[in-house]
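Quick caveat, the model's predicted, so the values are computed rather than measured.
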Amino acid sequence: MEVTISVGKARPLVSELVELRRDSVLPLDSSVDDPVELYIGDKLIARGELQEIGESSGKLGVRLTEVADISNEI
């Protein structure tokens, strides 16, 4: 089962999208400390906080802070 983590949204104009190149930055509507949302398909199943896994590994994980009751929906 694939879980999607949503860290924010962007609403660029089409003209801004066509100008994107390597190393371009697309600003999001959230900050690093804002909660992230976990989805299965389009169903919100949990919220959490981004967390670096290990020291200096560059890998990210999510520490869950809220979990929906989806036991009857799986």
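- Hydrophobic cluster of Y39: the remaining members, joined at side-chain heavy-atom separations below 4.5 Å, are L44, listed by chain and number.
- Atom-to-atom distance recorded for D42:CG and I40:CD1 is 11.0 Å, nearest 0.5 angstrom.
- Residues L38 and V62 form a side-chain contact, since some pair of their non-hydrogen atoms from C-beta on lies under 4.5 Å apart.
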For residues 23-31, which side-chain N or O atoms pair as donor and acceptor with protein atoms under 3.5 Å away, sequence neighbours left out?
{"unit_1": "S24", "atom_1": "OG", "unit_2": "R21", "atom_2": "N", "d": "2.8"}
{"unit_1": "S24", "atom_1": "OG", "unit_2": "R21", "atom_2": "O", "d": "2.8"}
{"unit_1": "D29", "atom_1": "OD1", "unit_2": "K9", "atom_2": "N", "d": "2.9"}
{"unit_1": "S30", "atom_1": "OG", "unit_2": "V7", "atom_2": "O", "d": "2.5"}
{"unit_1": "S31", "atom_1": "OG", "unit_2": "D34", "atom_2": "OD1", "d": "3.4"}

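- Residue L60 belongs to no hydrophobic cluster, having no ILVMFWY side-chain heavy atom closer than 4.5 Å to its own.
- By the side-chain contact (heavy atoms from CB on, under 4.5 Å) test, E66 pairs with R47, sequence neighbours left out.
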- Task: Could you go through the side-chain contact (heavy atoms from CB on, under 4.5 Å) check for V67 and I45 one step at a time?
- Result: CA-CA 6 Å; V67 179; I45 61 162; over 6 Å; no
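- Side chain of E49 to main chain of V36: no donor-acceptor pair is present (N/O by atom type, distance under 3.5 Å, no hydrogens or angles).
- Here A68 pairs with I70 under the side-chain contact (heavy atoms from CB on, under 4.5 Å) rule; sequence neighbours left out.
- For E19, there are no side-chain hydrogen bond (donor to acceptor under 3.5 Å, both in side chains) partners at least two apart in sequence or on another chain.
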